[in-house]
Amino acid sequence: MTSTLTPHERGPPLMYPATDQARRSALNEAERLRRLSSTDRDLIRLVHEPQFPRWLAQIKATGGCAHPIYLSGQTTIRDAADGTVLHHYDTASEPGGRLAVRCRNRRRSRCEPCSREHAGDTYHLVRSGLHGGKGVSERVQLHPRLLLTLTAPSFGPVHKATTDGRLCRSANAGSNCDHGRSHTCHRRHEEGDPAVGQPLCPDCYDYPGHVLWHAHAGRLWTRFCHTARRRLATRAGIAQTRLGGHLTLSFAKVAEYQRRAAVHFHAVVRLDGPDGPSTPPPAWATPELLAEVLEDAAAAAHVRTAYSPATGERLIAFGPQMDVHAISGTALSGAVTDDAVAAYVAKYVSKSIGDAGGLDRRVTDRDSIELAPVSAHIRALMGTCWRLGALPELTCLNLRAWAHALGFRGHVLTKSRRYSTTYGELRTARAEYRGSLGVVKAKEGGTLRESFWRFVGSGHTAAEAEIASGVARHIECARQLEQQDRELQRSPRVSGEDQ
Ligand SMILES: [Zn+2]
Ligand SMILES: [Zn+2]
Ligand SMILES: [Zn+2]
């Protein structure tokens, strides 16, 4: 029977359940609470915090970052002329006296929301260098632009994915290496086959050559750019020192680990006039000439390693597999478009050695290499870094600190100064757009900013992580819906549908 008493007639709630039924229900509730997982109990604690709405607003502002950094401090902006305070922000009034900011990790395996934002920034950074915008002249659309892929040479035969039904390795049938292993493999490997990228004979594989190539790849790229500039000058019949008076060569490049765990580079290369994107390159600087010069420079560029009794003196050069593609503003046959190139490069910046089956964190001892959940091939590469890293003549390569990256210590994305905008400028533009910097319009005479910040912690509790991941999913859904809306608006309407 349901009670017909109004809340007023029932009077104030009793401190202790009076009836047996009420006592049973209270005990059941206590039992239910006891049975809750620690995450659920943490969740109940969190939502009952008086400043929960403000904490949630902070997490929304980080885009649902999976590993936020907490800062404590203050910023004051004053009028430079008379010292009047124009804006003041202090974390004292924030939950826990701290402010959550994004971790900004580019790796998808570490933080999906931040890696998505970083990939988006990379897209705009690369695209503005091809299409103009974000402070870059639109003239760049008319300048010679190419998409270049450079690879490492072979360090020994590895199993290959065979999408066209061919066999993995059918040449050299019947021959064996000195270790008695066959030079052939009559299997067909799918893309996801763990054998793909593993050497046919680990004992024949040149592991020192592989990690030394990685350790010198940055210098090899720099040498390649010098060589390309020198060859451009030679082709134009001008002194190399005067090339800058005629044109500039700009690039944005991204490093990617292939299945054999060797890095290769994808780069957008562009020719501008002497003052960068806003000036046209000379008429002789055609895309065809640029392609020839890049191919020549890739074949010629090399660096030498220091001599070591363990490895000798090695010549470090690019592999013969290279690719040069024209980039077009519109979809033409044989050319890739600006948008496709920007999306292609952006995809790689959120990847890491972890996506290629390696470790995303540094190793500090030999045991962590032995115990790492990686393939035998990657373990051998990391072990080689560790072994060579102890040699005094190779100390400058810092191989032990970069053993997890298999000796490669370059940035994933690098670009020349004049290619386009920077990550910093893109972030500032976004922060101003969202108003999160509390931007104060500069008065005549300017403003003075005083900031004091310190790191006070990072990361989420279990319940905070659940909420942040929900926030990230919500933002991603909204972004996809917005994108679908934009695509619908762009697509031509079918007659009769718009009524
Ligand atoms: Zn993050
Ligand atoms: Zn095979
Ligand atoms: Zn062998």
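Every heavy atom of this structure was used, including side-chain atoms; hydrogens, water molecules and symmetry mates were not. All ligand and atom numbering here is 1-based and tracks the order in the structure. Keep in mind that this is a model prediction, so the values were computed, not measured.
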*Between Ala261 and Ile378, what is the shortest heavy-atom contact and its length?*
CB-CG1, 4.2 Å
*asked:* Please give me the protein atoms (N, O or S only) lying under 2.8 Å from the Zn ion (ligand 1), ordered by chain and number.
replied: Cys65 SG, Cys103 SG, Cys111 SG, Cys114 SG
Are [X] and [Y] close enough that their ring centers fall under 6.0 Å?
{"X": "Phe318", "Y": "Trp221", "result": "no"}
{"X": "Tyr205", "Y": "His377", "result": "yes"}
{"X": "Trp402", "Y": "Phe408", "result": "no"}

Hey, what do you get for [atom1] ([X]) to [atom2] ([Y]), rounding to the nearest 0.5 Å?
{"X": "Arg166", "Y": "His189", "atom1": "CZ", "atom2": "NE2", "answer": "13.0 Å"}
{"X": "Ser182", "Y": "Leu200", "atom1": "OG", "atom2": "CG", "answer": "7.0 Å"}
{"X": "Arg366", "Y": "Leu371", "atom1": "CZ", "atom2": "CG", "answer": "11.0 Å"}

*Are a donor atom and an acceptor atom from the side chains of Arg473 and Ser469 found within less than 3.5 Å of each other?*
yes
*asked:* Distance alone, cut at 3.5 Å: any donor-acceptor contact between the side chains of Glu393 and Ser308?
replied: yes
*To the nearest 10 degrees, could you say what angle the Zn ion (ligand 2) makes with NE2 of His189 and ND1 of His159?*
110°
*What is the SG(Cys185)-the Zn ion (ligand 2)-SG(Cys168) angle, to the nearest 10 degrees?*
110°
*Cut-off under 2.8 Å, centre the Zn ion (ligand 3), protein N/O/S atoms*: Cys177 SG, His179 ND1, Cys201 SG, Cys204 SG
*Under a 4.5 Å cut-off applied to non-hydrogen side-chain atoms, are Thr384 and Arg387 in contact?*
yes
